[in-house]
Amino acid sequence: MSDVFETLKERGFVQQCTNEENVAHLLSGNPITYYVGFDPTADSLHAGSLVPIMAMAHLQRAGHKPIAIIGGGTTMIGDPTDKTEMRPMISAEQVEKNGESILKQLQRYLDLDNTEGFFLNNAEWLLSLNYIDFLRDIGKHFRVNEMIRAEGYRQRLERELGLSFLEFNYQLLQAYDYLCLFQKYGCVLQLGGDDQWGNIVAGVDLVRRIESERVHGLTFPLLTTAGGAKMGKTAGGAVWLDGEKTSPYQFYQYWINIDDRDVERFLAYFTFLPMDEVQRLGGLEHDEIREAKAVLAYQATKLAHGKVEADKAQSTSRAAFGGGGMDLDAMPTTVVSSDRLNAGIPIMELFHEVGLAASKSEARRLIQQGGAYINDKQYKAIDIVVDAKMLEENGLLLRAGKRRYHRVVLE
RNA sequence: GGGGGUGUGCUUGAGCGGUCAAAAAGGGCAGACUGUAAAUCUGUUGGCUAUGCCUACGGCGGUUCGAAUCCGUCCGCCCCCA
């Protein structure tokens, strides 16, 4: 078994760690069980979640057993950590539904078949808690003085924002999660974003106090892009792992369009390429860096959507930007009846209808500012009517700006 | 329970009773330059059957020729006292 801890470290996954030597030692020995919590407030994970996912995958490849848990119980309270306001609560049914989608996505990266890995909802043990018992058995181990020192709480208190008692209990519940997982599954390592550090440590302490056992914690750095933006967000919103919400092609393009400065870091995080290769690619400059981005995009897409989709996305991208013809199959397409086209469709209407502009006014602006193209020809007059005469063999190729394409074909 | 404050467009945040679709910044989009990058410059950024009309300044109601701006009330959030 190779030294996974070393791998995680050199790939940049380690931000804080309860005790580096112990964790390194633990990971180089017999298989252990570790866990990461995921937020079930949305029905899909997004690119930002790839950091914990990839870390889990590295560990599983080294023979360790992952537990992915969704906070069905905790979400019903709302996590105050690093939030300026209270997180909205969501219903148990919604959590259940979201959990199913999330599990499917995780399975692309991890084996969660209930032998090699597990997928659990903490509602399972949290919902049946009895208040008095919980206070007596768990609550007595927590010191309020310590709790309010935690960054997340402290900020809320200092900024005089107020913090409900409900939210204040979040840390106890997460610590309790760890305790349960330790007791039932022998879980001895919790991973999470650095904002979770306080909660993780609370769990480590709790297990030590109740079970007199030493368990461990490790956090990942919170990723931002070189531009300072949150990882995995774009104009259109989050970059989802769900192919329905973010198509494989869009997913691919997200990685292609990242800042040059992020290339090496992201290769280390989001691919399994050996580090010497990562460094070689990261060292490329100017035009060549695009090759590195292509590798990153392809690898990341392949992991998230499989080889077939990755190949398709890659060829579409190459065709679109490499000067050649487009890969028409992968392009979003709208079907229009020939009668309608023969009658003529105002250009603003067309751009709006296919979704390249959110409203007709936006379409108007786009056109007036020279961002509207049909079959690679720019059209700046808003009163143009698109009809069958403009049809080419592949239909109409609409483009908004440099990168957003849409095809219109006849019925 | 008492007192005070606050609620504006994607976000932050100005806003005298008319000249407010609402300052400013950020963000977004488009154009130029480029490498599908960054930086920079320019334009733009509620909708529409478009030199006009409609919808918008927490909800409802009122005062007024006229309200984001005044009054009442309700809701949300925040602070202080209990």
Side-chain angles (χ1 to χ4, degrees), chain A residues 78 80 83-89 155-164 166-167 224-239 247 249-267 281-298 300-301 313-327 330-331 345-349 351-353 355-374 376-383 385 398-406:
Chain A
K83 295 283 185 298
T84 47
E85 278 168 53
M86 202 166 150
R87 188 190 278 185
M89 305 185 199
Q155 252 183 34
R156 293 276 297 255
L157 293 171
E158 274 173 10
R159 295 180 58 196
E160 302 187 327
L161 269 174
L163 174 70
S164 74
L166 192 72
E167 296 173 273
T224 49
T225 64
K230 235 190 190 158
M231 173 67 210
K233 301 278 185 201
T234 62
V239 177
S247 74
Y249 173 69
Q250 288 172 311
F251 189 79
Y252 183 93
Q253 285 297 318
Y254 172 74
W255 301 106
I256 288 285
N257 286 317
I258 60 167
D259 195 302
D260 286 5
R261 292 168 287 180
D262 290 325
V263 172
E264 185 167 331
R265 246 169 10 119
F266 285 11
L267 278 164
L281 289 167
L284 297 175
E285 289 186 336
H286 307 296
D287 282 14
E288 287 178 348
I289 193 92
R290 283 181 300 156
E291 185 201 320
K293 289 185 185 176
V295 173
L296 169 65
Y298 181 76
T301 309
Q314 184 178 53
S315 60
T316 305
S317 177
R318 291 223 164 119
F321 298 99
M326 294 287 294
D327 177 352
M331 201 181 299
I345 305 171
I347 185 164
M348 291 195 311
E349 205 171 310
F351 270 81
H352 173 224
E353 220 173 285
L356 290 176
S359 67
K360 282 192 207 170
S361 294
E362 193 177 306
R364 168 191 295 263
R365 256 175 254 131
L366 184 75
I367 294 160
Q368 285 174 333
Q369 294 178 20
Y373 300 80
I374 298 175
D376 273 328
K377 187 172 181 304
Q378 189 183 50
Y379 288 88
K380 293 182 87 163
I382 56 168
D383 51 1
V385 173
L398 307 188
R399 196 175 106 215
K402 289 193 178 73
R403 311 178 199 143
R404 286 148 55 222
Y405 285 86
H406 199 102

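Keep in mind that the numbers below use all heavy atoms, side chains included, and drop hydrogens, waters and symmetry copies. First the proteins, then the strands, lettered A, B, ... as listed; each starts at 1.
Within 4.0 Å of A:Gln253, counting heavy atoms only, lies at least one base atom of the nucleic acid. Across all strands shown, A:Lys293 has heavy atoms under 4.0 Å from base atoms, whether or not it also approaches the sugar-phosphate. Among the heavy atoms of the strands lying under 4.0 Å from A:Tyr373 are primed sugar atoms or P, OP1, OP2 only; no base atom is included. Across all strands shown, A:Ile289 has heavy atoms under 4.0 Å from base atoms, whether or not it also approaches the sugar-phosphate. A:Leu366 comes within 4.0 angstrom of sugar-phosphate atoms only, judged by non-hydrogen atoms across all strands, and of no base. Across all strands, A:Ser359 comes closer than 4.0 Å only to sugar-phosphate atoms, never to a base (heavy-atom distances).
The gap from the P atom of B:G52 to that of B:G5 amounts to 42 Å, rounded to the nearest Å. When the P atom is used for both B:U73 and B:G26, the distance is 41 Å, rounded to whole Å. B:C57 sits 11 Å from B:A67 when the C1' atoms are compared, rounded to a whole Å. Straight-line distance between the C1' atoms of B:A68 and B:U19: roughly 16 Å, to the nearest whole Å. Taking atom P on both nucleotides, B:A30 is separated from B:A22 by 24 Å, rounded to a whole Å.
Listed nucleotides B:U36, B:C48, B:U44 differ in distance to A:Gln369; the shortest reach to its side chain belongs to B:U44.
In this model, the phosphate group of B:U36 is not approached by any side-chain N or O of A:Arg404 to a distance below 4.0 Å at OP1 or OP2. Look at A:Arg290 and you'll find a side-chain N or O under 4.0 angstrom from OP1 or OP2 of B:U36.
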* Asked: What's the verdict on side-chain contact (heavy atoms from CB on, under 4.5 Å) for A:Phe351 and A:Ile374, showing C-alpha distance, side-chain angles and the deciding distance?
  -> CA-CA 10 Å; A:Phe351 270 81; A:Ile374 298 175; 4.2 Å; yes
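One can place CD of A:Gln378 at 8 Å from P of B:G31, the figure rounded to the nearest angstrom.
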